[in-house]
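To start, the structure under review is shown below, and the notes come after it.
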Amino acid sequence: MKADVAAGRRSALDVLRAGLADPEGVEGRLRVTDLLISVPAIGVTKLERILDELHISRSKRIGGLGVHQRERLSEFLGTRESINRSRRRSRLVVLAGPTAVGKGTVASYIRDHHPDVLLSVSATTRPPRPGEIEGINYFFVDDSGFDRLVADDELLEYATVHNSYRYGTPRGPIEQALASGNSVLLEIDLQGARQVRERMPEATLVFLAPPSWDELVRRLVGRGTEGAEERARRLETAKLELASQDEFDFRVVNGDVAEAAQEVVELIKTRGRSPRRANPAAASNAATTTRGV
Ligand SMILES: Nc1ncnc2c1ncn2[C@@H]1O[C@H](COP(=O)(O)OP(=O)(O)OP(=O)(O)O)[C@@H](O)[C@H]1O
Ligand SMILES: Nc1nc2c(ncn2[C@@H]2O[C@H](COP(=O)(O)O)[C@@H](O)[C@H]2O)c(=O)[nH]1
């Protein structure tokens, strides 16, 4: 029975209800500690705190709970289950990868074709490029505006990218979207991806890889938005980013924008998490998802 709860085959609330209905039955004789510890993400430390908050002693069995203890435990498990349900439905996916690989292009394609996925809009101290729109591409702020966002803890993560400008992910819209069961896509750099992993370990990290180094350089030069010095700086960072692929859950090669976007959307919409390591197999010209092994 405990194994059923741990594996998600039966909810802890169902077991509690069965135990209360039949105090002498199998569920009724189950200790509350055993019930709680079988709930995913409740470990020994949390267990102590929860028992204290519910005013239930360690030795209590479900069938022996008093009226108020029953109410408190039912409410606790009910709330926990509804939070878990909404977390299971929603996903946070981080798309990272070297400069000019096409992160922004793939992310915009997803925004335009999959309006159900929230594409996070970052704050940055970088000045707008021609055609970039405030609130769509970025929230453009000056240094003191960015300092304020940091001081007010309004950013989920932030970093100085390519040793030049600061970029950060506003926390509020993401928390709102996840709480209401929607999926969120962050298009950020490697430092930011690492911070998100630290703060939200349930996030899925996707590495967008170029078909080849030469193609990456072609895309950067072809975009024409950076001078030679800035391009050189970005390519230096790119080498470090390419070397970090193993930290990601999945690797998608951006050969064709629509195909790469489709691969990312499938990762957003499907459930299972991968083991941590992405396979840095040779890149191909097509979008290719490589699962962690
Ligand atoms: N699959 C693709 N095939 C050919 N060109 C592409 C592809 N994807 C993106 N590009 C082009 O590559 C250039 C860089 O793309 P984009 O600006 O989206 O990269 P990025 O990863 O967001 O870069 P950065 O990290 O520097 O902001 C753009 O000119 C874009 O049109
Ligand atoms: N850590 C973060 N990195 C971000 C964020 N938004 C964008 N980025 C990354 O910055 C570089 C440069 O972007 P560009 O628009 O100036 O070319 C790129 O790698 C983006 O992914 C963010 O919120 N946090």
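As the structure lists them, so they are numbered: ligands from 1, and atoms in each ligand from 1.
Rounding to the nearest 0.5 angstrom, the gap separating the CH2 atom in W213 from the CG atom in L235 is 4.5 Å. The distance from atom CG of L95 to atom OG of S120, rounded to the nearest 0.5 Å, is 12.0 Å. The line from CG of L149 to OH of Y158 is 10.5 Å long, rounded to the nearest 0.5 Å. For the atom pair CG of D143 and CZ of R148, the computed distance is 12.0 Å after rounding to the nearest 0.5 Å. Note that CG of L185 is 11.0 Å distant from NE2 of H114, once rounded to the nearest 0.5 Å. The CZ atom of R49 lies 9.0 Å from the CD1 atom of I42; values are rounded to the nearest 0.5 Å.
Each of the following atoms of ligand 2 lies closer than 4.0 Å to a heavy atom of G192: 1 (N). Contact atoms of ligand 1 toward G255: 1 (N), 2 (C), 3 (N) (distance under 4.0 Å to a heavy atom of the residue). Counting the atoms of ligand 1 from 1 in the order shown, those under 4.0 Å from a heavy atom of G104 are 18 (O), 20 (P), 22 (O). Within ligand 1, counting atoms from 1 as listed, the ones closer than 4.0 Å to a heavy atom of V257 are 1 (N), 2 (C), 7 (C), 8 (N).
When hydrogens are left out, the protein atom nearest atom 11 (C) of ligand 2 is V161 CG1, 3.6 Å; that is the closest non-hydrogen contact. Of the protein's non-hydrogen atoms, K103 NZ, 2.7 Å is the one closest to atom 25 (O) of ligand 1. Nearest to atom 24 (N) of ligand 2 among the protein's heavy atoms is E157 OE2, 2.7 Å. Summary of contacts: the protein heavy atom closest to atom 14 (C) of ligand 1 is A100 O, 3.5 Å. The protein heavy-atom contact nearest to atom 13 (O) of ligand 2 is Y138 OH, 3.3 Å. Considering only non-hydrogen protein atoms, atom 17 (O) of ligand 2 sits nearest to R129 NH2, 2.7 Å. The protein atom (non-hydrogen) at minimum distance from atom 4 (C) of ligand 1 is R219 NE, 3.6 Å. Nearest protein neighbour of atom 3 (N) of ligand 2, counting heavy atoms only, is D189 N, 3.1 Å. Of the protein's non-hydrogen atoms, the one nearest atom 18 (C) of ligand 2 is K103 CE, 4.0 Å. In this structure, atom 12 (C) of ligand 2 lies nearest to the protein heavy atom Y167 OH, 3.6 Å. Considering only non-hydrogen protein atoms, atom 23 (O) of ligand 2 sits nearest to S122 OG, 2.7 Å.
Heavy atoms of P98 found under 4.0 angstrom from ligand 1 belong exclusively to the backbone. Neither the backbone nor the side chain of R166 comes within contact range of ligand 2; no heavy atom lies under 4.0 Å. Residue contacts with ligand 2 for Q195 are absent, since no atom lies close enough (heavy atoms, distance under 4.0 Å). If you look at T169 next to ligand 2, the close heavy atoms, those under 4.0 Å, come from the backbone and the side chain alike.
For atom 19 (O) of ligand 1, the nearest non-hydrogen atom from the set A107, G97, G102 belongs to G102. Proximity annotation for atom 21 (O) of ligand 2: of E187, E226, R194, E241, E187 comes nearest, heavy atoms only. Relative to atom 31 (O) of ligand 1, the option among T105, T225, T99, D189 with the closest non-hydrogen atom is T105.
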**Request:** Step by step, work out the side-chain hydrogen bond (donor to acceptor under 3.5 Å, both in side chains) result for T33 and R31.
**Result:** CA-CA 5 Å; T33 46; R31 283 188 200 279; 5.3 Å; no
**Request:** Decide side-chain hydrogen bond (donor to acceptor under 3.5 Å, both in side chains) for S144 and D142; before the verdict, give the C-alpha distance in whole Å, the side-chain angles of both, and the deciding distance to 0.1 Å.
**Result:** CA-CA 6 Å; S144 60; D142 57 15; 3.3 Å; yes
**Asked** Going through the distances and angles, do D249 and R197 end up as a salt bridge (charged side-chain N to carboxylate O under 4.0 Å, His left out)?
**Response** CA-CA 11 Å; D249 298 310; R197 157 127 312 154; 2.9 Å; yes
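Side-chain contact check for E266 and Q262: at least one donor-acceptor pair (N or O, by modelled atom type) lies under 3.5 Å. Counting only N and O atoms by type, the side chains of T124 and R126 include no donor and acceptor under 3.5 Å apart.
With salt bridges taken as basic N to acidic carboxylate O contacts below 4.0 Å, one links E215 and R218. Ion pairing between a basic and an acidic side chain is recognised when a charged N comes within 4.0 Å of a carboxylate O; R58 and E48 show such pairing.
The closest approach between any non-hydrogen atom of R126 and ligand 2 is below 4.0 Å. Heavy-atom distances between R234 and ligand 1 reach below 4.0 Å in at least one pair.
At least one N or O atom of R223, backbone or side chain, sits closer than 3.5 Å to an N or O atom of ligand 1. An N or O contact shorter than 3.5 Å is missing between A159 and ligand 2 by distance. Residue-to-ligand polar distances place N254 within reach of ligand 1: an N/O pair is separated by less than 3.5 Å. Ligand 1 has no nitrogen or oxygen under 3.5 angstrom from a nitrogen or oxygen of E187. Among the atoms of R223, none of the N or O lies under 3.5 angstrom from an N or O of ligand 2. Polar contact check, G222 against ligand 1: no nitrogen or oxygen pair lies under 3.5 Å apart.
Pairing each heavy atom of E241 with each of T99, the nearest pair is OE1-N, 3.8 Å.
For E53, the CD atom counts as densely surrounded, since its 6.0 Å shell holds more than 12 non-hydrogen atoms of other residues, nucleotides or ligands.
Just one residue in the list Q195, E157, R194, K103 forms a side-chain contact (heavy atoms from CB on, under 4.5 Å) with I188, and that residue is E157.
Ring centers of Y138 and Y167: under 6.0 Å apart, within the cut-off.
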